[in-house]
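In what follows, a structure is listed as structure tokens, so that the remarks can point back to it.
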Amino acid sequence: MNKDFLRYQAQTTPHPLGLEVESAKGSYIFTTDGKKHLDFVAGVSACSLGHCHPKVVKAIKEQAEKYLHVMVYGEYAQQPAVELTRLLAEQFPKPLEKTYLTNSGTEAIEGALKLARRYTGRAEIIAAHQAYHGNTMGSLSLMDYEERQKPFRPLLGGISFIQFNEEKDLEKITEKTAAVILESIQGGAGFILPKNNYLKKIKQRCEEVGALLILDEIQPGFGRTGKLFGFQNFDMVPDIVALGKGMGGGMPIGAFSASAKMMDSLSDNPKMGHITTFGGNPVIAASALATLKEITSSDLMSESLEKEKLFRKLLVHPLISEVRGMGLMLAIITLSEEIANQLILKCKEKNLILFWLLFEKKAVRITPPLTISEEEIKEGCGIIIDVLEDIIKKQEAVN
């Protein structure tokens with residue numbers, strides 16, 4: 001299968017990990033060679049309830065037998081999408097109350113950018129250095145990373161950048177600014193938390209100059225940080241929220257949410273200011289609805305903070321400088337890029353799945369399903385420590 005995978009399926013890197021997947025269940029992925037792999041990545045934070053959660057699978061099957069795609073987005077009332085957006089409105093703080101469903105997180109960002117410009121009548125968008133919001137052209141324009149932007153220029157104009165957590169940059173937000181867009185927790189940069197009420201201060205500055213604040217919750221959202229949305233940890237409410245990844249329980253979905261007044265501006269003058277064919281797909285919406293119901297009706301969010309404590313207790317080693325993040329959005333920061341690479345690849349050999357972060361090369365991602373058990377955490381952390389011990393022994397042998 002790998003030969004055909006490399007020959008016929010377009011690749012994102014020259015050397016993909018290449019696991020040949022047979023099936024997946026809970027915290028494990030099973031490969032065609034009969035091996036069982038403990039998954040500490042969860043599809044890069046996407047499989048909130050683990051693989052093939054029974055309630056999610058049930059919802060998908062039941063909806064698939066009723067109807068699939070019937071009309072482009074926004075024309076027909078379809079129960080899964082209506083119930084999903086209503087439940088989101090119940091969970092959001094005011095004035096967030098209306099949601100536009102998309103097919104992915106990066107599409108949610110595109111919609112949020114259009115909404116901000118449409119509603120304010122302004123052009124300037126301010127993003128953060130080392131931000132990651134996706135890879136479509138608008139989202140890529142928000143990435144202050146020349147290596148990734150250069151081959152695809154010209155990109156979206158009117159973008160400027162500030163330093164995350166740098167309060168002196170607040171003055172760059174002016175009456176010309178349509179919106180500031182930030183991750184509530186910076187992902188690719190190394191799972192950087194906002195400090196000293198940073199998000200609250202950003203929102204206050206936006207209000208002073210009439211700009212909007214867009215928060216990207218694509219990775220922190222849906223229970224991963226101990227709250228349903230990451231921004232709820234920081235005592236503030238954004239104007240627009242972008243959602244994705246863990247929202248779908250393993251199915252492809254995104255969304256952006258705002259006040260009804262703001263969101264309604266996309267529906268007229270011009271009509272169809274934002275359109276999509278498959279956004280709000282009933283089968284995917286059913287999966288997302290089942291996921292949201294399970295997260296909000298269980299103890300998974302509070303348990304994620306207890307599981308974080310266990311990870312931090314177990315992941316202590318001379319080759320680990322720190323563990324960053326919150327809840328089950330964690331990153332091991334190793335002493336070097338080489339150690340991070342060795343750790344990920346050697347853990348793969350021992351049937352533990354870890355992964356990289358985009359910009360912070362010394363980081364190793366730990367974003368397991370919210371449903372992961374304490375026993376599975378101990379098992380995986382044991383493998384990590386064993387591999388790090390092996391790396392030290394090999395270093396000592398060379399020296």
Side-chain angles (χ1 to χ4, degrees), residues 26-27 39-50 53 55 87-88 90-93 96 105 164-165 182-200 203 215-238 241-250 255 257 288 290-315 322-333 357 363-378 380-381:
S27 300
D39 187 1
F40 268 19
V41 176
V44 187
S45 305
C47 301
S48 312
L49 301 179
H53 189 281
K55 291 183 180 178
L87 183 54
L88 278 170
E90 292 171 359
Q91 298 296 326
F92 275 131
L96 302 171
F164 194 80
N165 277 330
L182 301 170
E183 299 156 273
S184 57
I185 298 173
Q186 279 203 310
F191 289 13
I192 308 298
L193 299 176
K195 300 175 182 177
N196 300 322
N197 291 314
Y198 176 69
L199 294 182
K200 204 170 182 178
K203 177 65 185 299
L215 282 188
D216 179 342
E217 286 282 343
I218 293 168
Q219 187 161 195
F222 293 90
R224 192 157 286 282
T225 67
K227 302 283 189 181
L228 190 57
F229 305 106
F231 71 81
Q232 292 174 312
N233 293 288
F234 306 111
D235 190 29
M236 53 78 62
V237 181
V241 180
L243 308 171
K245 285 191 184 293
M247 180 179 183
S257 305
T291 300
L292 182 56
K293 284 181 176 178
E294 181 64 15
I295 291 173
T296 54
S297 65
S298 68
D299 295 324
L300 287 172
M301 286 188 279
S302 58
E303 287 174 1
S304 72
L305 299 178
E306 294 304 311
K307 291 170 183 176
E308 175 193 352
K309 293 177 184 176
L310 181 57
F311 270 113
R312 291 185 179 278
K313 178 182 176 182
L314 297 172
L315 293 175
E322 63 176 309
V323 177
R324 290 186 193 155
M326 176 183 289
L328 291 177
M329 183 178 172
L330 300 174
I332 298 171
I333 308 301
L357 295 186
V364 176
R365 167 187 294 275
I366 296 183
T367 55
L370 306 186
T371 51
I372 194 167
S373 69
E374 289 189 4
E375 291 73 21
E376 290 164 344
I377 292 172
K378 291 174 182 176
C381 289

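Using a 4.5 Å heavy-atom threshold, the side chains of E308 and L330 count as touching. Within the 4.5 Å cutoff, no side-chain heavy atoms of V323 are placed close to those of F311. E294 places a side-chain heavy atom less than 4.5 Å from the side chain of H53. Here the side chains of M247 and T291 are not in contact, with every heavy-atom distance at 4.5 Å or above. Inter-residue side-chain proximity for K245 and V44 is flagged as met; some heavy-atom pair is nearer than 4.5 Å. With contacts defined as side-chain heavy-atom distances shorter than 4.5 Å, the pair F231/P93 qualifies. Side-chain contact check for F191 versus P220: every heavy-atom pair is 4.5 Å or farther apart.
Applying the side chain to side chain contact (heavy atoms under 4.5 Å, CB included) test between T367 and each of C47, S45, S48 identifies S45 as the sole match.
Among all heavy-atom pairs drawn from A42 and P368, the shortest one is CB-C, 3.8 Å. When all heavy atoms of L357 and G190 are compared, the pair lying nearest together is CD1-CA, 3.6 Å. The nearest pair of heavy atoms linking N233 to K227 is OD1-CG, 3.2 Å. Annotation for Q91 and L228: closest pair CB-CD2, 3.5 Å, computed over non-hydrogen atoms. Considering all non-hydrogen atoms of both residues, L96 and P238 come closest at CD2-O, 3.7 Å. Heavy-atom minimum distance, S184 versus F164: O-CZ, 4.3 Å.
To the nearest 0.5 Å, atom CG of residue L88 and atom OG of residue S257 are 6.0 Å apart. Here the CG atom belonging to L199 is positioned 5.0 Å from the CE atom belonging to M236, to the nearest 0.5 angstrom. Within the model, atoms OG1 of T296 and CG of L87 stand 5.5 Å from one another, a figure rounded to the nearest 0.5 Å. If you take CZ on R324 and CG on L193, they are separated by 9.5 Å, rounding to the nearest 0.5 Å. We find the CG-CG distance between L49 and L292 to be 10.0 Å, quoted to the nearest 0.5 Å. Expressed to the nearest 0.5 Å, how far CD1 of I295 lies from OG of S304 amounts to 10.0 Å.
Around NZ of K203, the count of heavy atoms belonging to other residues, nucleotides or ligands within 6.0 Å exceeds 12.
Under the 3.5 Å distance criterion, the side-chain polar atoms of K307 are left unmatched by any main-chain donor or acceptor of E374. In this structure, the side chain of R224 does not engage the main chain of M326 through any donor-acceptor pair within 3.5 Å.
Here E306 pairs with K309 in a salt bridge; the nearest charged N to carboxylate O distance falls below 4.0 Å.
Taking the centre of each ring, F234 and F229 stay at or above the 6.0 Å mark.
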Next on the checklist: Walk me through whether Y198 and L182 qualify under side chain to side chain contact (heavy atoms under 4.5 Å, CB included).
Outcome noted: CA-CA 11 Å; Y198 176 69; L182 301 170; 4.0 Å; yes

Next on the checklist: Is there a side chain to side chain contact (heavy atoms under 4.5 Å, CB included) between I185 and I192? Walk through the geometry before answering.
Outcome noted: CA-CA 6 Å; I185 298 173; I192 308 298; 5.8 Å; no

Checklist entry - Where do L315 and I366 land on the side chain to side chain contact (heavy atoms under 4.5 Å, CB included) test, with the steps shown first? => result CA-CA 11 Å; L315 293 175; I366 296 183; 3.6 Å; yes

Next on the checklist: Run the side chain to side chain contact (heavy atoms under 4.5 Å, CB included) test on E376 and S373 for me, step by step, so that the C-alpha distance in whole Å, both residues' side-chain angles and the decisive distance to 0.1 Å come before the verdict.
Outcome noted: CA-CA 5 Å; E376 290 164 344; S373 69; 3.1 Å; yes

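Between the side chains of S27 and D39, not a single donor N or O lies within less than 3.5 Å of an accepting N or O.
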